[in-house]
Amino acid sequence: MSSPDPRRPPSAGVSALLALALATIGFFALAVFGLGALSFATDVDIIAVTDLGQGPGIIGMAAAVGVFALSLWFAVRPARPSFFSVPTVAILTGLVHLAAVWIAVLLGTGDLIVSTAVAGDLVRGGASAVLVLSAAVASWSGVALRRTRAQHPRWPWEEHGDE
């Protein structure tokens, strides 16, 4: 293959919307896999409060996905986004998840001590770390998709038709 045609501007990567969609789906998939693997490896539920149900976990994950998508949207909107936005997106995602679970447990139990203990268990047990790492990997991928200036592969005989 030869060098790209100088008359043709390089690709600006994928659109911001496509990068956002792919990264958000990737974040959700990584987070669910990571939390499941953590639960399996430690043989402990991520939120181990009897009679609480799955509500706080669902609310926490929905909030995490929402803030991930919103913060990544602002990060990938420029034509050449910066990788310096990755730590911000990751930490913000982890903190909002923690706050949403804390609030959901507080509303579900009415007990400040239990909700604080659950939030502490998320941090100590590694669930928050899994979410922050998943958000970091996915947001880095979203920025990389946006910054990549790749072109589709071309065979040498395809270039003769451009003249």
Side-chain angles (χ1 to χ4, degrees), residues 11-150:
S11 170
V14 301
S15 70
L17 191 57
L18 181 59
L20 175 69
L22 292 174
T24 303
I25 292 167
F27 165 67
F28 182 74
L30 283 171
V32 168
F33 171 76
L35 292 173
L38 178 67
S39 179
F40 180 76
T42 60
D43 199 26
V44 175
D45 290 337
I46 300 297
I47 299 176
V49 176
T50 56
D51 297 331
L52 189 58
Q54 296 178 347
I58 292 169
I59 290 168
M61 185 56 77
V65 169
V67 77
F68 174 84
L70 183 63
S71 59
L72 186 63
W73 174 247
F74 288 112
V76 299
R77 278 186 7 185
R80 189 144 174 88
S82 172
F83 284 107
F84 288 119
S85 62
V86 169
T88 303
V89 172
I91 291 169
L92 192 59
T93 300
L95 289 176
V96 167
H97 174 265
L98 204 56
V101 169
W102 184 84
I103 290 169
V105 173
L106 182 62
L107 294 175
T109 63
D111 191 346
L112 186 65
I113 303 293
V114 171
S115 60
T116 304
V118 167
D121 287 344
L122 289 175
V123 174
R124 275 190 326 238
S128 290
V130 166
L131 286 171
V132 169
L133 285 172
S134 298
V137 168
S139 61
W140 182 89
S141 300
V143 171
L145 281 169
R146 187 80 172 112
R147 288 176 58 111
T148 300
R149 301 201 183 277

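Model, not experiment: these values are computed from the prediction.
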Review point. Are Val101 and Ile59 side-chain neighbours, meaning at least one heavy-atom pair lies under 4.5 Å?
Key: no

Check your understanding: Can you check whether Leu133 reaches Leu30 side chain to side chain, under 4.5 Å on heavy atoms?
Key -> no

Practice item. For residues Val76 and Arg146, report the shortest heavy-atom separation together with the two atoms involved. Key: O-NE, 2.8 Å

Check your understanding: If you take all heavy atoms of Ser115 and Leu106, which pair is closest and at what distance?
Key -> CB-N, 3.6 Å

Review point. Which pairs, with at least one residue in residues 49-71 and sequence neighbours excluded, count as a ring pair (Phe, Tyr, Trp, His ring centres under 6.0 Å)?
Key: Phe27-Phe68

Between side-chain atoms of residues 116-123 and protein atoms elsewhere (two or more places apart, or another chain), which donor-acceptor pairs fall under 3.5 Å?
residue: Thr116; atom: OG1; partner: Trp102; partner atom: NE1; Å: 3.2
residue: Thr116; atom: OG1; partner: Leu112; partner atom: O; Å: 2.8
residue: Asp121; atom: OD1; partner: Arg124; partner atom: NH2; Å: 2.2

Practice item. Would you mind listing every salt bridge (charged side-chain N to carboxylate O under 4.0 Å, His left out) that reaches into residues 29-51, with sequence neighbours excluded? Key: none

Practice item. Scan residues 106-119 for pairs that pass salt bridge (charged side-chain N to carboxylate O under 4.0 Å, His left out), counting only residues two or more places apart or in two chains. Key: none

Review point. If you round to the nearest 0.5 Å, how far is OG of Ser141 from CD1 of Ile25?
Key: 12.5 Å

Review point. Above 12 or not: heavy atoms from other molecules or residues under 6.0 Å from CH2 of Trp73?
Key: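 Yes, CH2 of Trp73 has more than 12 neighbouring heavy atoms, counting only those of other groups under 6.0 Å.
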
Could you go through residues 77-100 and list every donor-acceptor pair under 3.5 Å that involves a side-chain atom there, pairing it with any protein atom two or more places apart or in another chain?
residue: Ser82; atom: OG; partner: Phe84; partner atom: N; Å: 3.0
residue: Ser85; atom: OG; partner: Ser82; partner atom: O; Å: 2.8
residue: Thr93; atom: OG1; partner: Val89; partner atom: O; Å: 2.7

Listed pairs under 3.5 Å, donor-acceptor, residues 13-23 side chains, sequence neighbours left out:
residue: Ser15; atom: OG; partner: Leu18; partner atom: N; Å: 3.1

